[in-house]
Amino acid sequence: MISTLKRPFFLTTRQQLLVGWFLIPVLLVWQLNGFYLPALGSRGAPTFWAVDGLQWIVLPALLLGLLAHKAALRPSHYGLVPLGKNLWPLTGQGLMVFVTAGLAFLVARNLSWRVLGPSPGSFQLVQLFPQGLAGAALQIYAAVSAGLVESIFFIGLPWLLYASARQHPSEMRFTLCVSTIFALAHWEHGRHGVIAAFFAHGVMCRWFLHWRTLWPIVLGHTLIDLAAFS
């Protein structure tokens, strides 16, 4: 079975401050990277993927390491609870996230396109995947890193911070707030991409708040990205 957060973990005031400060660099990078991603892409795939690794692997790993050291926060505290030996429940839950959030994304994107008209955006990641095995490996890397890092920094850590700071946290208010921030981080994909990201992330938030574990969200998000990249 998949473990869940059996009892809520509440941050101290010091831990809340540290989590808040450590969320800022990641959120800023993802709000601003739409300005420099097209320029990086024009410099060629090697340069782009090198910088991508810095913002998707090095920066999040550094911040999570600092949180573990400075605030004594472990992955289980923000939703990456230990996995049991039986992974079939995780597979089923991940597929549920994939189907429901994926449908929310597709329906919202297509409806916004019909109502608001075309909005191609300024950057499309699929243009930077090479052919062959190298392209397949990069697609897996991009999907897994996005599924894991975005789940942590746009759901797990924000919920831990919000639930600790509020005596009566509102799950709906949390979902709307973080889904808006997540959607705005995709502005370079055009307005229909922003709208679709909002609804898909809202569905993923609701699943997390239902199961209290991030692993199905990570798996479902990864599958959605793999389908989008293919």
Side-chain angles (χ1 to χ4, degrees), residues 25-65 80 87 90-91 94-95 97-99 101-110 112-113 118-155 181-201 203-204 214-230:
V26 172
L27 300 184
L28 279 179
V29 166
W30 281 312
Q31 294 297 335
L32 298 176
N33 65 8
F35 291 107
Y36 58 79
L37 288 177
L40 286 174
S42 66
R43 290 180 176 270
T47 300
F48 176 86
W49 290 112
V51 175
D52 188 85
L54 290 176
Q55 69 175 13
W56 284 97
I57 303 297
V58 176
L59 177 62
L62 176 63
L63 294 173
L64 292 176
L80 296 179
L87 297 181
L90 168 62
T91 303
L95 289 174
V97 175
F98 170 65
V99 171
L103 281 175
F105 182 91
L106 288 174
V107 170
R109 184 190 64 180
N110 293 343
S112 66
W113 189 286
S119 178
S122 61
F123 176 77
Q124 298 297 330
L125 185 60
V126 293
Q127 301 170 353
L128 291 162
F129 292 120
Q131 299 296 318
L133 289 177
L138 283 172
Q139 287 178 1
I140 294 172
Y141 151 75
V144 173
S145 60
L148 180 61
V149 175
E150 290 184 344
S151 295
I152 293 172
F153 284 90
F154 284 95
I155 299 179
I181 297 172
F182 177 81
L184 292 175
H186 294 75
W187 63 266
E188 69 272 15
H189 300 306
R191 58 178 172 264
H192 52 273
V194 171
I195 294 171
F198 172 83
F199 285 99
H201 193 263
V203 172
M204 289 187 281
L214 273 182
W215 288 118
I217 315 306
V218 172
L219 177 57
H221 192 154
T222 298
L223 292 174
I224 291 171
D225 283 358
L226 281 175
F229 296 153
S230 62

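Below, each value reflects all heavy atoms present in this structure, side chains not excepted, and no hydrogens, waters or symmetry copies. Just so you know, these numbers come straight off a predicted model, no measurement behind them.
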Residues in side chain to side chain contact (heavy atoms under 4.5 Å, CB included) contact with [X], at least two apart in sequence or another chain:
| X | result |
| --- | --- |
| Leu95 | Thr91, Leu223 |
| Val29 | Tyr36, Gln55, Leu59 |
| Leu128 | Phe48, Trp49, Phe123 |
| Ser112 | Leu116, His192, Ile195 |

Spacing of [X] atom [atom1] and [Y] atom [atom2] [to the nearest 0.5 Å]:
| X | Y | atom1 | atom2 | answer |
| --- | --- | --- | --- | --- |
| Met204 | Phe199 | CE | CZ | 13.5 Å |
| Phe129 | Tyr141 | CZ | OH | 9.5 Å |
| Leu32 | Glu188 | CG | CD | 10.5 Å |
| Leu125 | His189 | CG | NE2 | 7.0 Å |
| Ser122 | Trp187 | OG | CH2 | 5.0 Å |
| Phe98 | Asp225 | CZ | CG | 10.5 Å |

Specify the closest pair of heavy atoms between [X] and [Y], including all atoms of both residues, with the distance to one decimal.
| X | Y | answer |
| --- | --- | --- |
| Val194 | Ala183 | O-CB, 3.2 Å |
| Leu63 | Pro25 | CD1-CB, 4.2 Å |
| Arg109 | Ala196 | CB-CB, 3.7 Å |
| Ser145 | Ile57 | CB-CD1, 4.1 Å |
| Gly147 | Ser151 | O-OG, 2.5 Å |
| Val97 | Ile217 | CG2-CD1, 4.0 Å |

What I'd like to find out is whether the side chain of Phe154 reaches to under 4.5 Å of the side chain of Leu27, using heavy atoms alone. yes
When you look at Leu64 and Phe153, which way does the side-chain contact (heavy atoms from CB on, under 4.5 Å) test go after all the steps? CA-CA 10 Å; Leu64 292 176; Phe153 284 90; 3.9 Å; yes
The test is side-chain contact (heavy atoms from CB on, under 4.5 Å); show your working for Phe229 and Leu138 and say whether it passes. CA-CA 10 Å; Phe229 296 153; Leu138 283 172; over 6 Å; no
Between Trp56 and Trp30, is the gap from one ring center to the other below 6.0 Å? yes
Would Phe198 and Leu184 count as a side-chain contact (heavy atoms from CB on, under 4.5 Å) here? Give the steps. CA-CA 8 Å; Phe198 172 83; Leu184 292 175; over 6 Å; no
Does the side-chain contact (heavy atoms from CB on, under 4.5 Å) test come out yes or no for Leu80 and Ile152, once each step is laid out? CA-CA 8 Å; Leu80 296 179; Ile152 293 172; 3.7 Å; yes
Set of residues satisfying side-chain hydrogen bond (donor to acceptor under 3.5 Å, both in side chains) with respect to Asn33, sequence neighbours excluded: none
Can you name the residues that form a side-chain hydrogen bond (donor to acceptor under 3.5 Å, both in side chains) with Gln139, not counting sequence neighbours? none
Under 30°, 30 to 60°, or over 60°: which ring-plane class applies to His221 and Phe182, parallel, tilted or perpendicular? perpendicular
Please check: side-chain N/O of Arg191 versus main-chain N/O of Pro118, any donor-acceptor pairing under 3.5 Å? yes
